[in-house]
2 protein chains.
Amino acid sequence: MSQPDMPTPPWERPRKRPAPTRVPLTRDRIVDAAFVVLDRDGYERLSMRQVAAELGVVVSALYVHVNNKDELLELMYNTLFDDVELPEPDPANWQDQVKDFARAGRRRLLAHRDMARVSMGHVPFTPELLPHVEKLLALFRAGGLPAPVMAIAGDLLSTYMEGFTMEESMWAERYREMDAGSWETIRDEIQKYFSSLPPDRFPNLVSIAELMVDESNDYRFELGLDIIIRGLASYAEKPEHPGHPGQQEKPAEPQT
Amino acid sequence: MSQPDMPTPPWERPRKRPAPTRVPLTRDRIVDAAFVVLDRDGYERLSMRQVAAELGVVVSALYVHVNNKDELLELMYNTLFDDVELPEPDPANWQDQVKDFARAGRRRLLAHRDMARVSMGHVPFTPELLPHVEKLLALFRAGGLPAPVMAIAGDLLSTYMEGFTMEESMWAERYREMDAGSWETIRDEIQKYFSSLPPDRFPNLVSIAELMVDESNDYRFELGLDIIIRGLASYAEKPEHPGHPGQQEKPAEPQT
DNA sequence: GCATCCATGTGAACAGTGTTCATAGAACCC
DNA sequence: GGGTTCTATGAACACTGTTCACATGGATGC
């Protein structure tokens, strides 16, 4: 139709969208656009129309590549552990390796706004995520955990990961909408609320109120991780390292 | 206007909605209706219009009593521990008492279809739920847990409760929509899927596949609970009962 | 070179959603 | 009886996910 080497005559109106610029729509591009919308507008406003608009395309075009919104969310969930390296299970270090796994998961969940809500209600049984589950189980096996414990340990760890980051991002979201002040402001608000409770009816809540402002989320996450690991280690059938028998019964010192 | 003791004359047509029958709309009635809709139609179809229809009322009528849908969901969440009794903390039995707390929570979450999804994303810091949180903390204190551990233990336990039941009801929902066969059918499907994985790349997943059909959800929940309790107990500063020192370091036998 | 085909993107439509608001109505107090 | 207050109504707005007949454009076959 148009000669590439010829200058376009002035009367010929330029096409609205120049042909060569028009990169074809793919699942990957849709997922990328969905992340852009998610990070900018949050989970509530993540709609098929917004994703389409981000790509400069009409809604129904998406449905050629994606069956429905749920499938798109699943594709997003599938990228959770992309480029997360999987270390060889080391029986002497399995506890730290499991912790690293959980830390990487949390980091990825916090990397995108509301990503925890996307992951919630999904199960890592896709070809992309199964290898990571397998690797986690290998760590448990290296630690000498009996099979039934292995079978529940994965759930336990991932529900903690997701639940904890979910709560984190919930507060972040709540802070975002009450635009006033900084993160410290809202934390003071929370602490003030707990401190204002009648101490005779809520002695423990009041006494813990201070901790909620003193301790960082990182510290709280690590502590919960330690609790889980200790519980798991107490089930280890054999010492996780030949040279250090019984270590799983006497874990690291409590971080009081 | 109308005399209560007089018989109604035959020419007086009855009102379309007899006046005394018309019970006034209240928050409680709205919440009850919402649960009816939730149990019948599930979380996805729980809409303000459906709730209104259940009450024989128009949508906008609800907004007189409830600010928005989120608030309605929060009211539903608030009923989670209604009529759950709170036992006095017994230092000798704190582990069982904590387990009972979690069991009650799971039972309540499973009592209504998709209730786990409603609870997800809410935080038990309402006047109705705070007493239960306080009681849980009292159990931890009775167990001699240091304050920082107490502060995270509640989150750990409730994320496990919610995450576990969430997964349970997810499978239940997936089973509901693929109407074919019984619960055993879908469990066989899952097991077949895991067994069909290449054993050289997924040795641990394949080896665990059998457990997923052999073990009941109840058993798996209890095992996860044990793991958490053991981890918590390992932080106890003093024996939870003067007469039984060291029990927290040697919990019950592993259920292998 | 031409015709055909197929997949990709279009625009309109459908059925539904949460939420708001002026209006009608009942109930209550003075 | 009159007036005020509160509740329920119906219509409307701006969205949502999803479907479908239609155009369009690039590759393929002849």
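The structure presented is a predicted model; accordingly, all values stated were derived computationally and were not measured. Here is how names work: the chains are called A, B, and so on, in the same order as the sequence lines, proteins then strands, and each is numbered from 1.
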| Rounded interatomic separation in angstrom, taking CG from A:L25 and C1' from D:dG25 | 16 Å
| said: Please enumerate all residues that pass side chain to side chain contact (heavy atoms under 4.5 Å, CB included) together with B:R45, with sequence neighbours excluded. | reply: B:D41
| message | Just to verify, what does A:D32 make a side chain to side chain contact (heavy atoms under 4.5 Å, CB included) with, not counting sequence neighbours? | response | none
| request: Kindly write out the residues that satisfy ring pair (Phe, Tyr, Trp, His ring centres under 6.0 Å) with B:Y77, not counting sequence neighbours, or none if the list is empty. | output: B:H122
Check the interface with nucleotides 21-24 of chain D: list each N/O to N/O pair with the protein under 3.5 Å, or write none.
none

| message | Output the rounded distance in Å from CZ (B:R29) to C1' (D:dA8). | response | 13 Å
| Has B:R201 got more than 12 heavy atoms of other residues, nucleotides or ligands less than 6.0 Å from its CZ? | no
| request: Sugar-phosphate means primed atoms, P, OP1 and OP2; the rest is base. With that split, encode nucleotides 17-25 of chain C 5' to 3' as B, S or - using protein heavy atoms under 4.0 Å. | output: BBBBB----
| Between C:dG11, D:dT7, C:dT8, which nucleotide has the shortest distance from any of its atoms to the side chain of A:V64? | C:dT8
| Think B:H65 has a side-chain N or O under 4.0 angstrom from the OP1 or OP2 of D:dA8? | yes
| query | Nearest 0.5 Å, what's the CD-CG distance between A:E71 and A:L62? | reply | 12.0 Å
| field | Sequence-distant partners of A:F221, ring pair (Phe, Tyr, Trp, His ring centres under 6.0 Å), two or more places apart | value | A:Y160, A:F164
| request: Decide, yes or no, whether a salt bridge links B:E44 with B:R117 under the criterion of side-chain N to carboxylate O below 4.0 Å. | output: yes
| said: Determine whether a donor-acceptor pair (N or O, by modelled atom type, separation under 3.5 Å) exists between the side chain of B:E162 and the backbone of B:A116. | reply: no
